Amino acid sequence: KIPQLLDEKFASFIGYMIGDGHISKKKRVIGLTTGDEPQAREYSKLSNILFGLNCKKRWDNSSKNGRWRLTLYSKILENLLTSIGLETGVCARIKKIPDLILKSPKSVMCSFLRSYFDCDGYAGENGVILSTSSDFLAHQVQTVLLNFDIISTRKKGKDSCWHINITGTEAKKFSDEIGFNLKRKQKKLNEKKRRLFFFK
């Protein structure tokens, strides 16, 4: 089935796809790779609710810590996602936020950002850090954050990735306005917030 509008659930699915998702025309597969079981469950749940599709899910222990691989097979869904603006193949350096998301209401944008930061964001002593190989996507995220009155800095690391840093009171704003879906990351952010504002 095809969603009739871009709501919070659909935006969340797109956030996962921009972060840890992939579309392979060659293998004719759409999927997500993640080390977080809650994220794998949520992606699978959204796939069923939004499109009536069941994910194939398997654990891959070929890497040090292992990861979940979720796959979907649907030419219709592939066409839908590419028409929205998602890239196919090896595309980490050219990923971008789709225009439909950029034009969406605040609640939809928040849902997209939460899923995206779940994939590529870090929360801890240094606040919130988002990493991406895409220069254009890094610029977009900074601009979107400014719409939430959240100021961030951007720099290129030795790993050739762009790192968007949200620190201090800006990290508190991020927590209040957007936050994470993943409980372990939100817990880290809450701990940072408590240290900043309750133990000075």
Side-chain angles (χ1 to χ4, degrees), residues 3 5-23 32 34 36 39 42-43 46 50 80-182 185-186 188-190 192-193 196-197:
L5 53 88
L6 179 57
D7 61 6
E8 288 80 1
K9 287 185 174 63
F10 197 2
S12 182
F13 181 87
I14 295 172
Y16 287 135
M17 291 300 300
I18 295 294
D20 289 335
H22 58 271
I23 304 171
L32 181 82
T34 177
D36 287 285
Q39 188 169 309
E42 183 63 17
Y43 181 85
L46 288 172
L50 291 166
L80 173 63
L81 295 177
T82 54
S83 71
I84 289 172
L86 272 66
E87 303 290 343
T88 63
V90 180
C91 59
R93 295 188 181 280
I94 58 172
K95 284 186 175 182
K96 61 186 178 182
I97 301 175
D99 287 342
L100 282 177
I101 294 289
L102 293 172
K103 296 174 182 177
S104 295
K106 181 178 179 180
S107 62
V108 174
M109 177 58 80
C110 281
S111 187
F112 167 83
L113 288 173
R114 274 192 292 271
S115 292
Y116 178 43
F117 271 78
D118 276 356
C119 295
D120 292 340
Y122 156 89
E125 275 297 318
N126 297 318
V128 179
I129 302 172
L130 181 79
S131 301
T132 175
S133 298
S134 171
D135 180 36
F136 189 72
L137 180 55
H139 277 287
Q140 283 185 311
V141 171
Q142 274 198 298
T143 301
V144 168
L145 290 173
L146 280 174
N147 291 335
F148 288 89
D149 196 30
I150 298 170
I151 298 171
S152 62
T153 60
R154 181 175 60 92
K155 64 179 181 179
K156 200 166 190 177
K158 294 179 180 179
D159 56 1
S160 295
C161 284
W162 289 100
H163 302 287
I164 297 170
N165 297 275
I166 307 168
T167 59
T169 56
E170 304 306 315
K172 181 182 183 300
K173 290 180 190 176
F174 178 88
S175 179
D176 294 340
E177 292 286 338
I178 301 166
F180 293 93
N181 288 317
L182 282 174
K185 291 188 178 183
Q186 187 60 41
K188 289 283 188 182
L189 185 55
N190 289 340
K192 171 71 173 178
K193 187 165 64 171
L196 275 172
F197 298 97

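Please read these numbers as outputs of a predicted model, since none were measured by experiment. Scope of the values below: all heavy atoms of this structure, side chains included, with no hydrogens, waters or symmetry mates.
E87 contributes atom CD, which lies 14.5 Å from atom CZ of R93 (distance to the nearest 0.5 angstrom). Here the CG-CD distance, from N147 to Q142, works out to 12.0 Å after rounding to the nearest 0.5 Å. Between the CZ atom of R154 and the NE2 atom of H139 there is a distance of 3.5 Å, given to the nearest 0.5 Å.
A heavy-atom distance below 4.5 Å is found between the side chains of Q186 and S175. In this structure, the side chains of M109 and L102 come closer than 4.5 Å at one or more pairs of heavy atoms. Side-chain contact check for T167 versus S152: every heavy-atom pair is 4.5 Å or farther apart. No side-chain heavy atom of T34 sits under 4.5 Å from any side-chain heavy atom of Y16. The shortest distance between side-chain heavy atoms of W162 and D135 falls below 4.5 Å. Side-chain atoms of K173 and F148, non-hydrogen and from C-beta on, never get closer than 4.5 Å to each other. Under the 4.5 Å side-chain criterion, counting only non-hydrogen atoms from C-beta, Q140 is in contact with K96. In this structure the side chain of T153 never reaches within 4.5 angstrom of the side chain of I164, judged on heavy atoms.
Qualifying ring-ring contact (aromatic ring centres under 6.0 Å, His included) partners for F180, counting only residues two or more places apart in sequence or in other chains: F174.
Pairs engaging residues 101-110 under the side chain to side chain donor-acceptor pair (under 3.5 Å) rule: E8-S107, K106-E177 [sequence neighbours left out].
Across L80 and P3, no two heavy atoms sit closer than the pair CD2-CD, 4.1 Å. Considering every non-hydrogen atom in both F13 and L50, the closest pair reads CB-CD1, 3.8 Å. E170 and I151 make their closest contact through OE1-N, 2.8 Å (heavy atoms, listed as atom of the first residue, atom of the second, distance).
When atom types are taken as modelled, the side chain of D36 and the backbone of Q39 share no donor-acceptor pair closer than 3.5 angstrom.
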Applying side chain to side chain contact (heavy atoms under 4.5 Å, CB included), run through I18 and L137 and close with a yes or a no. CA-CA 10 Å; I18 295 294; L137 180 55; 4.0 Å; yes
Taking it one step at a time, do V141 and T132 satisfy side chain to side chain contact (heavy atoms under 4.5 Å, CB included)? CA-CA 10 Å; V141 171; T132 175; over 6 Å; no
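By the 6.0 Å contact criterion, NZ on K9 is open, its count of non-hydrogen atoms from other residues, nucleotides or ligands being 12 or less.
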Side-chain donor/acceptor pairs under 3.5 Å, residues 112-130, sequence neighbours excluded:
residue : atom : partner : partner atom : Å
R114    : NH1  : I178    : O            : 3.2
S115    : OG   : S12     : O            : 3.2
S115    : OG   : S12     : OG           : 2.5
D118    : OD1  : N181    : N            : 3.1
D118    : OD1  : L182    : N            : 3.2
D118    : OD2  : N181    : N            : 3.4
D118    : OD2  : N181    : ND2          : 3.4
D118    : OD2  : L182    : N            : 3.3
E125    : OE2  : R195    : NE           : 3.4
E125    : OE2  : R195    : NH2          : 2.8

